[in-house]
Amino acid sequence: MSERITIKSQSQLDKMRVAGRLVGETLNYLEGLVKVGITTYELDREAEAFIRKNGGIPSFLNYEGFPASICTSINEVVVHGIPSKKVKLKEGDIVSIDCGAIVDGWHGDAARTFLVGEVKPEVQKLVKVTEECFFLGAEQAIAGNHLVDIARAVETHAKEYGYGVVRDMVGHGIGCNMHEPPEVPNYVDPRMGRGVRLYEGMTIAIEPMITLGTWRIKIAADGWTCTTADGSPASHYENTIIVGKNSPEVLTLVK
Ligand code: MG
Ligand code: MG
């Protein structure tokens, strides 16, 4: 991780737009493949092929030893689920797919939580509110605000529904590294104060991780798989954005 928060130049932002678009397109492509019976391994193979075919490099592959190109996190898995030939999507599952790509040295990073078949209404609601948390947080990503404004917006919305807001995993700066300072928490930590001030041209990934139960997580023996401590379902939604003067620019959402 580089040590400093960076403001990107216009030409750097243009490169991040290209990388972000590819990540958004990859997630759209994967959304079309999510169905009962597909393995998370197949989703991973499709993701890597799609990213490479379109001129990118999957940034998760071998990142600190991660063995795949996407994270596939089902139900109580919050993040960092490892794709597997043994894991098939089942009716009623929710699956978070987290995806990153590098194009011309610049990164995009985003995640969606998809419904598999008919999902319990309370879990559908969790998925919808998690997306809302992202957009409410992102609205605060404007010059002159501080990190705490993003955190407060995410946390306040989730707590209205009594949901858990994961604390031990956070959003992050992004650029020519996938993870750069600052950390972008989804809850107000009194120790952070207001957090750093936001400037136009900062690029960050905002990624609420919200649960139907506790905010506490545990990490499995594989060193990656992060689940809720109480086994409750978790949802994850992420985009890479540029801090703007009046509104953020979302780079990884392709309509
Ligand atoms: Mg991220
Ligand atoms: Mg991500």
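FYI, the numbering just counts along the sequence from 1. In this text, all values refer to a predicted model and were calculated from it rather than measured experimentally. Numbering of ligands and ligand atoms starts at 1, following listing order.
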Ion pair Arg191/Glu183, N-O distance below 4.0 Å: no
Every N, O or S from the protein that is nearer than 2.8 Å to the Mg ion (ligand 1): Asp109 OD2, His172 NE2, Glu207 OE2, Glu238 OE2
Sidechain-backbone polar pair: Arg112 side chain, Glu238 backbone, donor-acceptor under 3.5 Å: yes
Arg194 atom CZ: more than 12 heavy-atom contacts under 6.0 Å: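 Not buried by this count: 12 neighbours or fewer within 6.0 Å.
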Parallel, tilted or perpendicular, as decided by the 30° and 60° cut-offs, for the rings of Phe50 and Tyr29: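 Parallel, since the angle between the ring planes stays under 30°.
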Ring geometry between Tyr161 and Tyr163 (parallel below 30°, tilted from 30 to 60°, perpendicular above 60°):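 Parallel.
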Using residues 93-100 as the side-chain source, report each donor-acceptor pair under 3.5 Å to any protein atom, sequence neighbours left out, with the distance given to one decimal.
unit_1: Asp93; atom_1: OD1; unit_2: Asn75; atom_2: ND2; d: 2.9
unit_1: Asp93; atom_1: OD2; unit_2: Lys90; atom_2: N; d: 2.8

